[in-house]
Amino acid sequence: MVNRNLVLGLDQNEGGWDDQINSSFGDQKMEDIDWGGSNLTVNQIVEGTVVRVEGDYVIVDVGFKSEGLVNRNEWEEGEELPKPGDKIRVLIEEVEDGSNAGGMPQMDESKGMIMLSKRKAEKIEAWKKVMESVHEGDVVKGTVIRKIKGGLLVDIGVNVFLPASQVDIRRPADIGEYIGREIQCSVLKIDEPRRNIVVSRRYLIEKERETQKQELLQQLKPGQIRKGIVKNLADFGAFVDLGGIDGLLHITDMSWGRINHPQEMLSLDQEIEVIILSVDYKKEKIALGLKQKTASPWEEVEAKYPPGKVVHGTVVNVMTYGAFVKLEEGVEGLVHISEMSWTKRINHPSELVSPGDEIDVVVLSINKNKQEISLGIKQTKENPWEAVANKYPPGSTVVGTVRNLTNYGAFIEIQEGIDGLLHVSDMSWTRRITHPSEMVEKGQKIECRVLSVDQARRRIALGLKQMTDDPWAHDIPSKYEPGQLVKGTVTKITNFGVFVGLEDGLEGLLHISELADHKVENPEDIVKVGEEIEVKILRVDTEDRKIGLSRKRVEWAEDAEEPVPEDNTPTAAPIHTSTPAKDLKGGGGSAGFEQLKQDEEEKSEGETA
C-alpha cells in the first residue's frame, strides 16, 4: 500500500514537475486517444507502412486516401531511420487540406495532408502499458535520465518524478550524481488524469532498512566486533551504518589520545571495524568504540610514571588553570598553574608554555581510576625558599623594592619572586602609621632588617624601624624626665584629655584632670588644636611607651607637688567619670585613640580605687 503521509509530506517546492512530464504527450488527453478502429480520426494510434524518406519527413501509408508525414527528428540522433516497407505505430495528430506548406513533400490537394507522430504514439502506448501493470506501492526499476526542478526524472518505461527529498534517507548534496544510474523505487502516487507518477527511493530504502534493523538489532551484543560504513561526521562523533542500523561512535571512544574532530581519524563512506559497547533495544541506540579494540595505556601507568619521576612531554592544551602535557599516546597529565614556578607570579599558564612545547615535568601524583596525573614544572628546579633561611637570617640587612602596598603593610621584593612583609607596626618607633604610604611608596628601594623567616609558610618579616636604635630604650627616658618643663603643640582633643606633640612622632597625654586647678568639663575650653603650651613631665613609661603630662603643675613649686601614682593619675586630681569618646579634635590617627582609651580606663580604675 502507498504511504499517504509520505505523499502529503512531499516538498511543496517540488511543484512544476508534472508539467515537464506532460509536455512529452503534447496536447493529447487520455480520454481523447482512439486505441484503434476502422475509421481514421485525429488522436488515433494506427499502424502504418513506411513508403519513403523524403527531406525532413518520413512518408507513411496509414491506409487513408493520402499518406502521412512523420518528422525525421522524432528518431534520436544516431538512430537508424526506417526503410520502405517497415511497419511503425503512429499517432494521427492533424488532418489538413492539400495546400503545400514550405519544405513539405508535394501532396495531392484533393487528398489533403496527415501529420503523424511516432514519439507520442510510443509514449502513449507505454503509459497505457504502465497503467495496466503498475500500481501505488509497487516497486519499479528505472534509469535516472535528467535533473529537473525539485528532483529527478526516472524512465521506467514512462518518465516518472523522483522528488529530491525522496532520493535517499539523507538528502544528497548533489542529486545530479544519480543521472545515468539504474535505481529501484516505490510508487507513491499515480495521477492518471494528469498522467504523472511520483516515486520514492527513500521509502524503499527505509522499508528495507527497517527489516534489516530489526533482524540486526537482535543479533547485536556488547563486546562484538562489527564492520560498518561511516555515514555522517559531527563535532561529537561519527554515525556508522552497521548494515541496517546506525550506531554512534563518540569522539571520546575513537582514540586513547586527544583528537579535536572525528575527521582527524575518519572520512565519509570509510569502512571501519568497531566494537559494540552497549545496546539499548527499546530506544534502538547503539554505542560503538574504536579505541577499546586495543588495551588502555592507563593499565601500566602507575608502573611507568611513579611519583617523583622526571618525564619528558609535549604541551597539548593550555587553560586558565593549567596546561595539559602528553606523556604518551592516550596519557596526559595536568600541570596546575600553582605548580609552574616557585617564585614567579603567573596570571595565565600561557606566560610560560604554549601548545607544542616540549618540556620536562615531575610526576606528583596519579589517580588511575579517574585517569588523572598531576605534574609539576617547578619541581624540576631547586626551590629557592629552601635557601632563604640561610641566605636571609634574622638580623641581617637586605635591600629591596616596594612591590605592593596594603592597609597593613608593604611587600618588599628582596629577590625575584621572594617578597618580605614590612608591617606598619615595624615602620617607626614613635610615629603612629595608619597606612604604609605615609612612609614608603611603590617602586621605592629601601633597606630593611630581617626579623623572622617562616620557611614552611614562605613568609619573611621585615623591619624598617629596627634599622635604628629604639629611642624608648635610652633617648626618650634621658631627654624627658619627670618634673621637667617642656613645650609642645596640641595635636588631638578628646573628652578625657589632650594629646600634646613633643617632637616628630612623639606625643604625651595631658589628662583632663591635669589641665587646670579647677574642674574642667570640656578640654576645648582650656586649649585648642595647634596651640603651643608648656607642660610638665609627670611620668615616662618605657614599657608601655607613654608619657604623662600636666599643665596645672607648671607653676607649682617642687615641695608643693602631689605624688603621682604608678597609674599616672595625680592624687590631687578631681574625680572624673569616664564617658564615651566624642569626636576627636586633631591627632595622629587610630593608634592615638587606642592609647587615649587605654589611659582613660587606667584613670577610671585609679579613681575607683
Side-chain angles (χ1 to χ4, degrees), residues 16-134 142 145-146 148 153-161 190-197:
W17 49 271
D18 52 341
D19 295 333
Q20 298 186 54
I21 295 176
N22 289 333
S23 64
S24 62
F25 292 99
D27 299 327
Q28 283 74 29
K29 296 181 180 179
M30 293 300 293
E31 58 269 23
D32 296 334
I33 303 299
D34 186 346
W35 298 97
S38 57
N39 299 321
L40 295 180
T41 60
V42 173
N43 291 337
Q44 182 180 350
I45 296 177
V46 297
E47 185 177 74
T49 304
V50 175
V51 177
R52 66 183 182 280
V53 177
E54 184 177 330
D56 292 333
Y57 294 92
V58 175
I59 312 301
V60 180
D61 180 6
V62 292
F64 195 54
K65 59 183 177 180
S66 66
E67 296 164 339
L69 305 179
V70 180
N71 198 312
R72 66 185 298 168
N73 63 15
E74 292 202 11
W75 281 264
E76 299 293 337
E77 185 177 351
E79 185 181 357
E80 185 180 356
L81 292 174
K83 300 180 179 63
D86 289 350
K87 302 290 185 179
I88 61 173
R89 300 279 291 177
V90 291
L91 173 72
I92 300 175
E93 288 191 291
E94 190 177 359
V95 178
E96 300 180 356
D97 57 29
S99 59
N100 187 30
M104 290 188 177
Q106 293 293 324
M107 304 291 294
D108 187 339
E109 291 185 8
S110 63
K111 296 180 180 180
M113 182 176 62
I114 304 173
M115 296 305 297
L116 307 173
S117 174
K118 176 185 80 78
R119 182 181 297 163
K120 290 179 182 179
E122 290 173 347
K123 290 185 179 295
I124 291 170
E125 289 190 323
W127 175 259
K128 180 183 177 183
K129 183 179 179 181
V130 167
M131 288 297 96
E132 292 172 350
S133 61
V134 177
I145 55 175
R146 72 175 186 272
I148 62 174
L153 278 185
V154 182
D155 183 3
I156 64 169
V158 295
N159 290 345
V160 297
F161 179 59
I190 298 176
D191 189 343
E192 191 169 346
R194 300 183 65 187
R195 290 183 297 191
N196 59 56
I197 298 175

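Every heavy atom of this structure was used, including side-chain atoms; hydrogens, water molecules and symmetry mates were not. All figures in this text were calculated on a predicted structure; none of them were measured in a lab.
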Quick one: are Phe64 and Val46 in side-chain contact, heavy atoms under 4.5 Å?
no
Start with the C-alpha distance between Asn71 and Leu69, add both sets of side-chain angles, then the distance that settles side-chain contact (heavy atoms from CB on, under 4.5 Å), and finish with yes or no.
CA-CA 7 Å; Asn71 198 312; Leu69 305 179; over 6 Å; no
Side-chain donor or acceptor of Glu67 paired with backbone N/O of Ile59 under 3.5 Å
no
Just jot down the side chain to side chain contact (heavy atoms under 4.5 Å, CB included) partners of Asp191, sequence neighbours excluded, or say none.
Pro193, Arg194, Asn196
Shortest non-hydrogen pair, Glu94 vs Val42, comes out as CA-CG2, 4.5 Å
Measure the spacing between CD1 of Ile114 and CD of Glu93 and express it to the nearest 0.5 Å.
12.5 Å
Working to the nearest 0.5 angstrom, can you tell me the gap between Lys123 NZ and Arg119 CZ?
7.0 Å
Considering non-hydrogen atoms only, spot the tightest contact between Ala121 and Arg89 and give its length.
CB-O, 3.7 Å
Counting only pairs under 3.5 Å, give me each side-chain donor-acceptor contact of residues 78-86, with atom names and distances, residues two or more places apart or in other chains.
unit_1 : atom_1 : unit_2 : atom_2 : d
Glu79  : OE1    : Glu76  : N      : 2.8
Glu80  : OE2    : Lys83  : NZ     : 2.4
Asp86  : OD2    : Lys83  : N      : 2.8

Can you list the steps and then say if Ile145 with Val154 is a side-chain contact (heavy atoms from CB on, under 4.5 Å)?
CA-CA 6 Å; Ile145 55 175; Val154 182; over 6 Å; no
Could you grab the distance from atom CD1 of Ile88 to atom CG of Leu116, nearest 0.5 Å is fine?
7.5 Å
Rounded to the nearest 0.5 Å, how far apart are CE of Met115 and CG of Leu91?
11.5 Å
Minimum heavy-atom distance Lys87-Thr49, with the two atoms named
NZ-OG1, 2.7 Å
Is the backbone of Leu153 close enough, under 3.5 Å, to the side chain of Arg146 for a donor and an acceptor to pair up by distance?
no
